[in-house]
**Student:** 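Sending over a structure as structure tokens; questions will come in a sec.
Computed from a prediction, not measured in an experiment: that's the story for all the values here.
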Amino acid sequence: MKIFHNPRCSKSRQTLELIRKKGVEPEVILYLENSPNADELRNILKKLQIPAEKLVRRGEQEFKDRFKGKDLSEAEWIEAMVNYPKLIERPIVIKENKAVIGRPPESVLELL
């Protein structure tokens, strides 16, 4: 199991704590420091079963400054998240071929 984690995010911390309370020690990926590339993001999106646009955090300043009101293609959204990883919704928890976004943190329970 892997978690794309931002320790400054309360939902990310709560999700990680919930996983650990269930006796699982996931691989923690600090995605702001070790950002996924385009292929990794496409793989994550496939596991989440959502389009790239649904993984974008619209409240981030980078979104407001650079992307608000723009109609981007799937590839362009992926490139945006590669270049501005703060745009990636968090936390993302992956187990084998499935993934969920830990919002709310309890959504991770379906993977445990």
**Student:** Indicate, with yes or no, if Phe4 and Leu112 share a hydrophobic cluster defined by side-chain heavy-atom contacts under 4.5 Å among Ile, Leu, Val, Met, Phe, Trp and Tyr.
**Tutor:**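 In one cluster with Leu112: Phe4, no.
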**Student:** Give a yes or no on whether a salt bridge exists between Glu89 and Arg57, defined as a side-chain N under 4.0 angstrom from a carboxylate O.
**Tutor:**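 Judged by the 4.0 Å cut-off on N to carboxylate O distance, Glu89 and Arg57 do form a salt bridge.
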**Student:** For Lys2 and Val93, run side-chain contact (heavy atoms from CB on, under 4.5 Å): C-alpha distance rounded to whole Å, both residues' side-chain angles, the deciding distance at 0.1 Å, then the answer.
**Tutor:** CA-CA 6 Å; Lys2 296 179 183 181; Val93 180; over 6 Å; no
**Student:** To the nearest 0.5 Å, tell me how far Ile29 CD1 sits from Ser35 OG.
**Tutor:**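 It is 11.0 Å, given to the nearest 0.5 Å.
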**Student:** How long is the gap from CD1 on Ile50 to CD1 on Ile44, to the nearest 0.5 Å?
**Tutor:**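 Answer for the CD1-CD1 pair, Ile50 versus Ile44, is 10.0 Å.
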**Student:** Among Val24, Ile19, Val100, which residue satisfies the side-chain contact (heavy atoms from CB on, under 4.5 Å) criterion with Leu111?
**Tutor:**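 Option passing the side-chain contact (heavy atoms from CB on, under 4.5 Å) with Leu111: Val100.
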**Student:** For the atom pair NE2 (His5) and CG (Asn34), what is the distance rounded to the nearest 0.5 Å?
**Tutor:**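 Between His5 NE2 and Asn34 CG, I get 14.0 Å after rounding to 0.5 Å.
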**Student:** Keeping Ser12 on the side-chain end and Asn6 on the backbone end, is there a donor-acceptor pair under 3.5 Å?
**Tutor:**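 Looks like yes, one N/O pair under 3.5 Å.
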**Student:** Does Lys70 reach the main-chain N or O of Arg66 with its side chain, forming a donor-acceptor pair under 3.5 Å?
**Tutor:**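 Judged by distance alone, yes, a pair lies under 3.5 Å.
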**Student:** If the threshold is 4.0 Å, N to carboxylate O, is there a salt bridge linking Glu74 and Lys46?
**Tutor:**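 Salt bridge absent between Glu74 and Lys46.
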**Student:** Kindly compute the distance separating CG (Leu87) from CH2 (Trp77), expressed to the nearest 0.5 Å.
**Tutor:**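 Going from CG on Leu87 over to CH2 on Trp77, the span is 7.5 Å.
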**Student:** Hey, does Met1 have a side-chain heavy atom less than 4.5 Å from the side chain of Ile94?
**Tutor:**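 No; the side chains remain at least 4.5 Å from each other.
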**Student:** Quick check: does any side chain N or O of Arg90 sit under 3.5 Å from a backbone N or O of Cys9, one acting as donor and the other as acceptor?
**Tutor:**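 No: the side chain of Arg90 does not pair with the backbone of Cys9.
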**Student:** Determine whether a donor-acceptor pair (N or O, by modelled atom type, separation under 3.5 Å) exists between the side chain of Asn83 and the backbone of Glu79.
**Tutor:**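 Confirmed, Asn83 side chain pairs with Glu79 backbone.
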**Student:** Does a side-chain N-to-carboxylate-O contact under 4.0 Å join Glu53 and Arg58?
**Tutor:**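 Yes, this pair counts.
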**Student:** Can you find a pair of side-chain heavy atoms, one from Lys47 and one from Lys98, that are under 4.5 Å apart?
**Tutor:**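 When only atoms from C-beta onward are counted, Lys98 and Lys47 do not touch, as no gap falls below 4.5 Å.
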**Student:** Work out which heavy atom in Pro26 is nearest to a heavy atom in Arg20; give both atom names and the distance.
**Tutor:**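 Closest pair (atom of Pro26, atom of Arg20, distance): CD-CG, 4.4 Å.
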**Student:** If you draw a 6.0 Å radius around CG in Asp65, do more than 12 non-hydrogen atoms from other residues or ligands fall strictly inside?
**Tutor:**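 Enclosed.
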**Student:** If you compare all heavy atoms of Gly102 against all heavy atoms of Thr15, which two are closest, and at what distance to 0.1 Å?
**Tutor:**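 Heavy-atom minimum between the residues: O-OG1, 3.3 Å.
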**Student:** Kindly compute the distance separating CD1 (Ile101) from NZ (Lys54), expressed to the nearest 0.5 Å.
**Tutor:**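 That separation rounds to 10.5 Å.
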**Student:** Between atom CD of Gln49 and atom CG of Asn97, what is the distance when rounded to the nearest 0.5 Å?
**Tutor:**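 Between atom CD of Gln49 and atom CG of Asn97 there are 10.0 Å.
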**Student:** Please say which of Ile92, Ile88, Asn43 ends up in a side-chain contact (heavy atoms from CB on, under 4.5 Å) with Pro36.
**Tutor:**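 Per the side-chain contact (heavy atoms from CB on, under 4.5 Å) rule, the option paired with Pro36 is Ile88, out of Ile92, Ile88, Asn43.
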**Student:** Quick one, Leu18 and Val108 - any side-chain contact, counting heavy atoms below 4.5 Å?
**Tutor:**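 Yes, at least one pair of side-chain atoms sits under 4.5 Å.
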**Student:** Distance-only, no hydrogens or angles: does the Glu40 side chain make a donor-acceptor pair with backbone N or O of Asn37 under 3.5 Å?
**Tutor:**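 Here the side-chain-to-backbone pair exists.
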**Student:** Assess whether atom NZ of Lys86 is packed by more than 12 heavy atoms of other residues, nucleotides or ligands within 6.0 Å.
**Tutor:**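 No, not enclosed.
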**Student:** Where do Glu17 and Lys21 land on the salt bridge (Lys or Arg N to Asp or Glu O under 4.0 Å) test, with the steps shown first?
**Tutor:** CA-CA 6 Å; Glu17 181 180 348; Lys21 281 184 177 177; 3.2 Å; yes
**Student:** Are side-chain heavy atoms of Leu45 and Leu55 found at a separation under 4.5 Å?
**Tutor:**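 Result yes, sub-4.5 Å side-chain heavy-atom pair found.
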**Student:** Among the clusters formed by ILVMFWY side chains lying less than 4.5 Å apart, do Phe63 and Val82 turn up in the same one?
**Tutor:**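 They do share one cluster, since a chain of ILVMFWY contacts under 4.5 Å joins Phe63 to Val82.
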**Student:** Counting C-beta onward and ignoring hydrogens, is there a side-chain heavy-atom pair between Ile78 and Arg42 closer than 4.5 Å?
**Tutor:**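 Yes. Closest side-chain heavy atoms under 4.5 Å.
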**Student:** Are Tyr84 and Phe67 side-chain neighbours, meaning at least one heavy-atom pair lies under 4.5 Å?
**Tutor:**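 The answer is yes, as the side chains (C-beta and beyond) meet within the 4.5 Å cut-off.
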**Student:** Look at the side chain of Ser107 and the backbone N and O of Pro104, then say whether any donor-acceptor pair between them is shorter than 3.5 Å.
**Tutor:**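 Answer holds: yes.
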